[in-house]
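Just follow the structure's listing: the first ligand is 1, and inside any ligand the first atom is 1. Positions are given from 1, in the same order as the sequence printed here. Just so it is clear, the values below take in all heavy atoms, side chains as well, and ignore hydrogens, waters and symmetry mates.
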Amino acid sequence: MSMGAVRKLARQILSLFYPKRCAFCGSVLKGDQAVCEKCAATLPFIRGEACPHCGRAREYCCCSGRGFGFDRCVAPLYYEGATRAGICRVKFHGKKGYITQLAELTADTVRREYAGIAFDAAVAVPMSRRELRSRGFNQSALFCRALCAELGIAFRGDLLQKPLDTRPQRSCKADQRWRNVSGVFTVRKPASVSGKTILLVDDIITTGATLNECAQVLKKAGAAHVCCAVIAAVRQKNARAVASAIN
Ligand SMILES: [Zn+2]
Ligand SMILES: [Zn+2]
């Protein structure tokens, strides 16, 4: 029996006791669904040709091809409405049971957008010790682990670290976000990164400053490619204004 078949069977047995629920509305899911039918029809999925850098549809791209440290970023959804509520339930209300469903949804996007790329390892955007103590868990690490289980990629929670504390990015204005994370991440085992193709995982992308900073230290440690995957991308309403602030 393959690992995929074992996981599927384990999931089916588990679902007899704990029915899998939609991460966005809480309704019980059928069979292999990652999202319920109602949400599948109404969620703000990223459609059409995406920007090869930030993963948003062209009309909502605010990176204007900015020289990010990562090769690309992909996401299944925009961060708004039910998507936002679903991610906040995990992040701020500790509903960790929804992470598998969010990972299943994101895995579909990774398989499609990164078809043909063989990832050597996956890393999550790390938290500092203090941040970890205050939330109790790193949602990006849990999400990355679940995504790795879906995709059969090795999760390396030990490679990327955040020895320095920062203000939360969400409390910073767009132009402050780049400075806020500058120099705060380190690679612990450069030999495990050197020459490797890395999947870098976070929950959301806003300006791309955090993923950019992580990707830069991974590349400095010798990573050949760093491709990002997130659950959702913030859709910038005034994309042009944001772009001029960060460029
Ligand atoms: Zn739903
Ligand atoms: Zn873009």
> Once rounded to 10 degrees, what value does the angle at the Zn ion (ligand 2) take between SG (C61) and SG (C54)?
Replying inline: 120°
>> I'd like to know if D71 pairs up with K219 as an ion pair, taking the criterion as any Lys NZ or Arg NE/NH1/NH2 lying under 4.0 Å from an Asp or Glu carboxylate oxygen.
In response: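 Counted as a salt bridge, because a side-chain N and a carboxylate O are separated by less than 4.0 Å.
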>> So, applying side chain to side chain contact (heavy atoms under 4.5 Å, CB included) with L147, which one of L199, L105, I231 is it?
In response: L199
>> Against the six-membered ring of Y60, is R235 placed for a cation-pi contact (under 6.0 Å from the centre, within 45° of the normal)?
In response: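 Geometry flag: set, cation within 6.0 Å and 45°.
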>> Taking side chain to side chain donor-acceptor pair (under 3.5 Å) as the definition, give me every residue that meets it alongside R58, ordered by chain and number, with sequence neighbours left out.
In response: E49
> What side-chain hydrogen bond (donor to acceptor under 3.5 Å, both in side chains) pairs are there with at least one residue in residues 84-93, not counting sequence neighbours?
Replying inline: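 Counting only pairs at least two positions apart or across chains, the side-chain hydrogen bond (donor to acceptor under 3.5 Å, both in side chains) contacts touching residues 84-93 are K91-D203.
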>> Using the side-chain contact (heavy atoms from CB on, under 4.5 Å) criterion, which residues pair with R130? Sequence neighbours excluded.
In response: S128, R133, D165
>> Check for me: within less than 2.8 Å of the Zn ion (ligand 1), which protein N/O/S atoms show up?
In response: C22 SG, C25 SG, C36 SG, C39 SG
